[in-house]
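For ligands, and for the atoms within them, numbers begin at 1 and follow the listed sequence. Just so you know, residue 1 is the first one in the sequence shown, and it goes up from there. Reckoned from all heavy atoms, side chains included, excluding hydrogens, waters and symmetry mates. Since this is a predicted model, take the numbers as computed values, not measurements.
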Amino acid sequence: MTKTRMNQKISVIGLGYIGLPTAAVFASHDVQVLGVDVNADTVETINQGRIHIAEHGLDQAVALAVSSGKFRASQTPEPADAFLIAVPTPFQPDDHSADLKYVKAAAQNIAPVLAPGNLIVLESTSPVGTTERMAEWLAEARPDLSFPQHNGVQSDIRIAYCPERVLPGKIIAELVSNDRLIGGMTPLCAQQAVQLYETFVKGACIVTDTRTAEMAKLTENSFRDVNIAFANELSVICDKLGMNVWELIGLANRHPRVNILQPGPGVGGHCIAVDPWFIVSSAPEQARLIRTAREVNDDKPRWVLDKIKSTLGAFLVANPDKTAANATIACYGLAFKPDIDDLRESPALEIAQAVAAWHAGQVVVVEPNIDQATAKDKALTLVSFDRAQQADIHVLLVDHSDFKTANTDRMSSDYVVDTRGIWL
Ligand code: SAJ
C-alpha cells in the first residue's frame, strides 16, 4: 500500500551546507527529522546542538531544532516517510565529469530501510540523468520493491529531483523564500515532493521532469559563470587599452537591456566553478561557450599574479634603494566572496598563496573573517589592516565591507592591484 499523506518523519542524508540547514528548517516546521552523516564528529557536534560549518543564522536554527527534540543526527539511516539526499557531487580532475560515488553510497545506505510509500528526493547538483541512475541503484538494492522507472505511478517508491538553489550567506532565508523546482519521475512522485516542500517553502513549487530539473540547476550556475567570464574578459581588455572596467560596466549597464556582472580575481566556491563542467562533459561538442567561460574564469588568477609581478617590477624601478627581498606585498581578503569566511575553492586564497610562494620578500594578508590559526594552516601571515598599510604593494582580492569603508589614504595608487574596483 502506498501513502500520499504529508510526510511526518523525514531523513536528510548529508549534513553539509545544504543538508544541515534543510534539516533544521524542516524541524522548525514541526517535522521529525533524522540527519544522517558518515562523519562521526559531525554527528556528535550536531547532537550537542552545535554546528561544524559557518552560515548566517544556522547555529541558532540547529540549536533550537535539537533542543526541541525534533532533530537529531546519526551515522545510521532509519525508516522514514521521505529521504532527502544532499551529498557532494565533485568533478573528476582528469575529465571534469561528475563523481557520483557519494550519491551511490547514499542510495545504497538508505535502501535497506525503505518501505512502500517512501519518497526519495535528490537535492545534490547533478548531471542530467543522475536521478534515473540513482533510481536504478535503489532498485538493484531492493528487488522486493517497485520503482517508478519500471512501474510508473503504481510504484511503491516515489523519486524526485529538487535542486537546492540557495546562496551561501543567505541559505536559511532563501530556503524558505526561493521558488523550488520539483522534477518528478512520475506526476505522483512530483505531487508527493511538492507536498513535502510546501511544509516550509513560501516560493512557488514548480513541477517538471527530473532531467529538466537537473539541467535547470546547471543552467542557472552556468548563466552566472558565462556572465562573470564576460566581465572578467572585459577587465583584461580594458587593462590592455588603459581603461577603467568598472566605469565602463557602470556606463554600459545604464542601457535598459544590459546588465553585466562584476569582474574579480576569478570565480570561487563549490558551485559556479564546478557545475558548468557537468554540462560540458555531457555535451562536449555543443557546449563551446560554457567551456570557454570556465576557461576564462579559471585563467583570471594567473592574470592577476602576472599583474602583481609587473607592479612589483615597476615599484623596484621607481625605488632603486629597494630589492624584491625587502619589498612587502599585502593581500586583502582570502574568502571566495565578500563578507563570508569560506575559503574553499577561493581564487583570492590561490593568489595569496601563489604570491607567498613566488615573492622573495615579506607577504602579509588581511582577512577580517578568519583567525591566526586558520591563516597559519594556509601558510600565510595574518596582520591588521593598519599594519598592512605599511606594505609597498597592495593587492585587493575580496570586496569585504570592511575594505570598502577603510581609510586607504596612506597607499600609493601606483602600487595597488585592485581586482574588485573598490579602491580605484
Ligand atoms: N562573482 C564575481 N562577479 C560577480 C558575481 C560573483 O566574480 O558579479 C564571483 C564571486 O566572487 C564568487 C563566485 O563568483 O567567487 C560565486 O559567487 P556567487 O555569489 O555568484 O555564487 P555562489 O557560488 O555563492 O552561489 C551560487 C548561486 N547561484 C546563482 O546565483 C545562479 C546560488 O543561488 C546557488 O544555490 C549556488 O551557487 C549553488 O549551491 O549552486
Side-chain angles (χ1 to χ4, degrees), residues 14 16-22 53-56 86-91 98 123-127 162-181 203 213-236 245-246 249-250 252-253 258-279 290 293-294 296-301 303-304 333-351 369 396-401 403 418-422:
Y17 278 85
I18 300 304
L20 185 55
T22 304
I53 48 180
E55 173 59 34
H56 179 68
V87 295
T89 44
F91 61 61
E123 287 206 4
S124 311
T125 303
S126 301
C162 305
E164 62 80 12
R165 305 157 89 200
V166 287
L167 194 71
K170 292 187 183 167
I171 290 180
I172 302 263
E174 288 205 357
L175 267 178
V176 175
S177 62
N178 285 2
D179 290 346
R180 196 90 204 196
L181 304 183
E214 288 162 343
M215 187 63 182
K217 166 69 194 191
L218 302 179
T219 300
E220 291 158 14
N221 281 352
S222 298
F223 169 85
R224 199 154 167 83
D225 198 44
V226 168
N227 278 273
I228 298 168
F230 183 69
N232 276 333
E233 186 163 291
L234 280 178
S235 74
V236 174
V245 68
W246 289 278
I249 290 174
N253 280 351
V258 174
N259 188 10
I260 304 167
L261 292 179
Q262 297 301 306
V267 168
H270 15 279
C271 311
I272 294 193
V274 174
D275 304 352
W277 286 120
F278 294 171
I279 298 182
I290 295 170
R294 274 289 64 246
V296 168
N297 286 333
D298 272 355
D299 191 48
K300 193 71 193 290
W303 185 87
V304 173
L334 294 177
F336 89 82
K337 64 179 192 174
D339 301 328
I340 60 167
D341 64 355
D342 193 341
L343 305 185
R344 294 175 304 161
E345 265 66 66
S346 170
L349 176 64
E350 180 187 337
I351 292 166
N369 302 309
L396 188 281
L397 295 171
V398 186
D399 44 341
H400 287 313
S401 307
F403 297 159
D418 182 352
T419 69
R420 291 291 182 181
I422 62 171

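- The contact set between ligand 1 and R420, taken as ligand atoms under 4.0 Å from a residue heavy atom, comprises 2 (C), 7 (O), 11 (O).
- Atoms of ligand 1 lying under 4.0 Å from any heavy atom of G268, numbered from 1 in the order shown and given with element: 12 (C), 13 (C), 15 (O), 16 (C).
- The protein heavy-atom contact nearest to atom 34 (C) of ligand 1 is V166 O, 3.4 Å.
- Scanning all protein heavy atoms for the shortest distance to atom 38 (C) of ligand 1 gives C271 SG, 2.9 Å.
- Polar contact check, T125 against ligand 1: no nitrogen or oxygen pair lies under 3.5 Å apart.
- Those atoms of ligand 1 with a heavy atom of L261 less than 4.0 angstrom away are 8 (O).
- Using a 4.0 Å cut-off between heavy atoms, E123 makes no contact with ligand 1 at all.
- Looking at Q262, K170, K337, E220 and measuring to atom 3 (N) of ligand 1, the nearest heavy atom belongs to Q262.
- The single protein non-hydrogen atom nearest to atom 21 (O) of ligand 1 is I272 CD1, 3.5 Å, given as residue, atom name and distance.
- Counting the atoms of ligand 1 from 1 in the order shown, those under 4.0 Å from a heavy atom of L167 are 19 (O), 21 (O), 24 (O), 25 (O), 27 (C), 32 (C).
- Proximity of a side-chain donor or acceptor of K300 to a complementary backbone N or O of G264 within less than 3.5 Å is detected.
- Counting heavy atoms from C-beta on, the side chains of K337 and L167 come closer than 4.5 Å.
- Ion pairing between a basic and an acidic side chain is recognised when a charged N comes within 4.0 Å of a carboxylate O; R165 and E174 show no such pairing.
- Of all protein heavy atoms, the one closest to atom 39 (O) of ligand 1 is E164 OE2, 2.7 Å.
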_Run the side-chain contact (heavy atoms from CB on, under 4.5 Å) test on D225 and I290 for me, step by step, so that the C-alpha distance in whole Å, both residues' side-chain angles and the decisive distance to 0.1 Å come before the verdict._
CA-CA 8 Å; D225 198 44; I290 295 170; 6.0 Å; no

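- With a 4.5 Å cut-off on side-chain heavy atoms, R344 and Y17 count as touching.
- Residue, atom and distance of the protein heavy atom nearest to atom 9 (C) of ligand 1 are I228 CD1, 4.0 Å.
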*Worked check of side-chain contact (heavy atoms from CB on, under 4.5 Å) between E350 and F336*: CA-CA 10 Å; E350 180 187 337; F336 89 82; over 6 Å; no

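- Residue, atom and distance of the protein heavy atom nearest to atom 33 (O) of ligand 1 are R165 O, 2.9 Å.
- The CG atom of D275 sits 4.5 Å away from the OG1 atom of T125 when rounded to the nearest 0.5 Å.
- Each of the atoms 34 (C), 35 (O), 38 (C), 39 (O), 40 (O) of ligand 1 lies under 4.0 Å from some heavy atom of K217.
- Distance from atom 31 (C) of ligand 1 to its nearest protein heavy atom, with residue and atom name: N221 OD1, 3.3 Å.
- Distance from atom 12 (C) of ligand 1 to its nearest protein heavy atom, with residue and atom name: F336 O, 3.3 Å.
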